[in-house]
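We name chains A, B, ... by the order of the sequence lines, and we start the count at 1 in each one. Because the structure is a prediction, the values reported are computed rather than measured.
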Amino acid sequence: MAALKFELQFTDLNSKARAGKVTTDHGEILTPIFMPVGTVGSVKAVSQKQLSEDVKAQIILGNTYHLYLRPGIEVLEKAGGLHKFMSWDKPILTDSGGYQVFSLSGTRKLTEEGAVFQSHIDGSKHLFSPEIVMDIQRSIGGDIIMAFDECPPGGSEYDYAKTSMELTHRWLDRCFRRFNETMDKYGHSQNLFPIVQGGIHHDLRKFSCDYISSKDATGNAIGGLSVGEPTEKMYEICALCCEHLPAEKPRYLMGVGTPWNILECIALGIDMFDCVMPTRNGRNAMLFTSNGVINIDNKKWEKDFSAIDTGIDCEVSNNYSKAYLRHLIKAKEILGLQIASIHNLAFYIHIVTTAREKIISGDFLSWKNEMASRWQQRL
RNA sequence: UCCUCCUUAGCUCAGUUGGUUAGAGCAUCUGACUGUUAAUCAGAGGGUCAUCCGUUCAAGUCGGAUAGGGGGAG
């Protein structure tokens with residue numbers, strides 16, 4: 001049982017991109033990495049076996065808010081933690097529910113103590129405080145757990161972003177205190193990642209980076225991006241954060257993004273990503289492929305019996321045809337959602353693993369530029 | 001051969017006692033989706049109301065003929 005370790009293996013000479021290795025008690029993660037989102041203990045439409053064998057996922061996410069409401073902490077503890085509950089023996093990262101407090105803002109009430117919100121399932125009222133969220137994440141048992149933060153909307157004014165950031169910092173202190181007072185529950189080490197906030201304001205972000213860094217956590221996250229601000233702003237803030245966060249710790253950019261967002265942010269020094277886009281958009285008939293974005297719903301694929309994507313190493317993408325997948329999606333067959341989700345996730349993983357190879361071989365930037373021209377429209 | 005019913009968007013159908021620019025679902029196409037309350041949501045295009053002739057200020061709605069189709073009787 002050992003705390004998470006990060007080994008910085010290669011640094012690109014022409015950009016800030018890095019290749020590294022994260023070691024957890026559930027195995028290694030080679031970075032840069034994309035982490036499929038499995039909110040309620042399930043990457044929607046994709047089985048654990050498919051995640052391992054087809055998608056080649058190295059780590060997945062769970063969500064504190066959702067798992068706390070259902071199935072509930074009692075079940076998860078009795079199961080021996082989320083890994084055992086869902087039969088996934090690779091690393092898991094749990095998000096704290098901070099984002100849900102933001103996105104479900106219709107029914108929340110923020111105080112110094114925490115956030116009172118209503119369950120979207122039965123309307124019941126609950127309090128999330130930093131201490132409660134740490135306790136819940138201890139019970140879920142993720143290898144990496146996230147601080148409880150407030151995620152303000154993208155265009156937030158300076159004053160609101162500042163107030164919100166300061167609250168997040170005070171909550172962070174409480175998160176670490178509780179985290180350090182409590183023990184791992186299932187025989188493997190858990191690691192608390194703090195989250196940088198500060199909106200799109202440079203001085204706030206810099207301040208937040210310094211504050212977060214002072215916690216000397218095993219890894220650091222950047223939150224509050226891709227929440228409505230212009231994409232160029234996101235890159236700008238991401239670059240600034242990368243400069244001010246320690247180089248010897250993994251950097252996790254939360255919730256980002258499109259394949260192109262990911263390549264750009266890898267170039268800025270990000271190591272870890274998660275996003276709902278490959279699975280959600282896949283279920284909505286949007287496929288990310290080596291040749292660009294396609295809407296598999298379109299009639300033009302009706303008789304296209306070529307493979308979904310031969311440009312990536314995924315049996316599902318290589319074997320099933322566009323015409324077949326279109327048919328399944330049109331017919332609302334569950335298998336269609338599975339294939340689309342698996343393909344999109346495999347594509348995302350392909351992007352980050354290829355990025356890693358190119359960083360190591362020294363042609364990351366030229367490969368990235370080639371991708372840009374290949375995709376034409378930047379995905 | 002006769003009787004009867006039907007014909008409105010690509011498909012299946014609504015269209016009040018004749019009265020503004022004839023609607024819906026599906027299909028087609030487009031857009032959205034970034035730490036999942038989303039197999040979701042938003043929008044667009046598409047009709048000589050089978051054809052022709054009448055009645056009427058006004059016809060998808062009423063009358064007649066023709067064509068195609070369903071059912072029945074011989």
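Of the C1' atoms belonging to B:G31 and B:U20, the separation is 32 Å, rounded to the nearest Å. Taking the C1' atom of each, B:U16 and B:G54 are spaced 26 Å apart, rounded to whole Å. A distance of about 23 Å separates the C1' atoms of B:C49 and B:U4, rounded to the whole Å. Here, B:A27 and B:G68 have their C1' atoms 25 Å apart, quoted to the whole Å. B:C26 and B:G43 have their P atoms separated by 13 Å, given to the nearest Å. Spacing between B:A59 and B:C52 at atom C1', rounded to whole Å, works out to 15 Å. Annotation: B:G19 and B:G60 have their C1' atoms spaced 13 Å apart (nearest Å). Rounded to a whole angstrom, the distance from the P atom of B:G10 to that of B:G45 is 15 Å.
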Summarise how protein sits on nucleotides 36-47 of chain B as a single string, 5' to 3': B when a protein heavy atom is under 4.0 Å from the base, S for sugar-phosphate-only contact, - for no contact.
BBBBB-------

Just to be sure I follow the notation: if a pair is Watson-Crick (purine N1 to pyrimidine N3 plus N6-O4 or O6-N4) or a G-U wobble (N1-O2 and O6-N3), each under 3.5 Å, what dot-bracket string does RNA chain B give, with | for pairs to another strand?
(((((((..((((.....[...)))).(((((.......))))).....(((((..]....)))))))))))).

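The distance between the ring centers of A:His120 and A:His66 falls below 6.0 angstrom.
Applying the ring pair (Phe, Tyr, Trp, His ring centres under 6.0 Å) test to pairs two or more places apart or on separate chains, none has a residue in residues 215-242 of chain A. For residues 159-174 of chain A, the salt bridge (Lys or Arg N to Asp or Glu O under 4.0 Å) pairs, not counting sequence neighbours, are A:Glu112-A:Arg170, A:Glu113-A:Arg174, A:Glu131-A:Arg174, A:Lys162-A:Glu166, A:Asp173-A:Lys215. Contacts classified as ring pair (Phe, Tyr, Trp, His ring centres under 6.0 Å) and involving residues 177-197 of chain A (residues at least two apart or in different chains) are given here: A:His26-A:His188, A:His83-A:His188. Each salt bridge (Lys or Arg N to Asp or Glu O under 4.0 Å) pair with one or both residues in residues 332-345 of chain A, not counting sequence neighbours, would appear here, but there are none. Sorted by first and then second residue, the pairs that involve residues 266-294 of chain A and meet ring pair (Phe, Tyr, Trp, His ring centres under 6.0 Å), not counting sequence neighbours, are A:Phe288-A:Tyr348.
By the 4.5 Å heavy-atom criterion applied to side chains, A:Val276 and A:Lys44 are not counted as neighbours.
Shown here are the side-chain contact (heavy atoms from CB on, under 4.5 Å) partners of A:Asn369, two or more places apart in sequence or in another chain: there are none. Residues forming a side-chain hydrogen bond (donor to acceptor under 3.5 Å, both in side chains) with A:Ser321 (at least two apart in sequence, or on another chain): none. Taking the side-chain contact (heavy atoms from CB on, under 4.5 Å) definition, one finds that A:Ile334 meets it with A:Gln338, sequence neighbours left out. Scanning for side-chain contact (heavy atoms from CB on, under 4.5 Å) contacts around A:Ala79 gives A:Phe85, with sequence neighbours left out.
The nearest whole Å value for the distance from the CD atom in A:Glu264 to the C1' atom in B:U34 is 15 Å. Separating the CG atom of A:Asn281 from the P atom of B:U34 is a distance of 8 Å, rounded to the nearest angstrom. Summarising the geometry, the separation between CG on A:Asn344 and C1' on B:U34 is reported as 13 Å, rounded to the nearest angstrom. Taking atom CH2 on A:Trp301 and atom C1' on B:U28, their separation rounds to 16 Å, with Å as the unit. When the P atom of B:C29 is taken as reference, atom CG of A:Asp297 falls 7 Å away, rounded to whole Å. The NE2 atom of A:His327 sits 14 Å away from the P atom of B:A27 (whole-angstrom rounding). Rounding to whole angstrom units, CD of residue A:Gln137 and P of B:G35 are separated by 17 Å. The nearest whole Å value for the distance from the CG atom in A:Asn295 to the C1' atom in B:A27 is 14 Å.
Contacts of A:Ile329 with the nucleic acid, taken as non-hydrogen atoms under 4.0 Å apart, are absent. Using a 4.0 Å heavy-atom criterion, one finds that A:Gly224 contacts the bases of the nucleic acid, with or without backbone contacts as well. Across all strands, A:Met234 comes closer than 4.0 Å to no nucleic acid atom at all (heavy-atom distances). Heavy atoms of A:Gln338 sit nowhere under 4.0 angstrom from any nucleic acid atom.
Note on A:Arg326: a side-chain N or O is less than 4.0 Å away from OP1 or OP2 of B:U28.
For the segment residues 141-158 of chain A, residues with any heavy atom less than 4.0 angstrom from an atom of RNA chain B are, sorted by number, A:Asp149, A:Cys151.
Residues A:Lys206 and A:Glu243 are not paired through a salt bridge, judged by the lack of any N-O separation under 4.0 Å between the basic side chain and the carboxylate. Checked for salt-bridge contact, A:Asp143 and A:Lys90 miss the test: no charged N lies under 4.0 Å from a carboxylate O.
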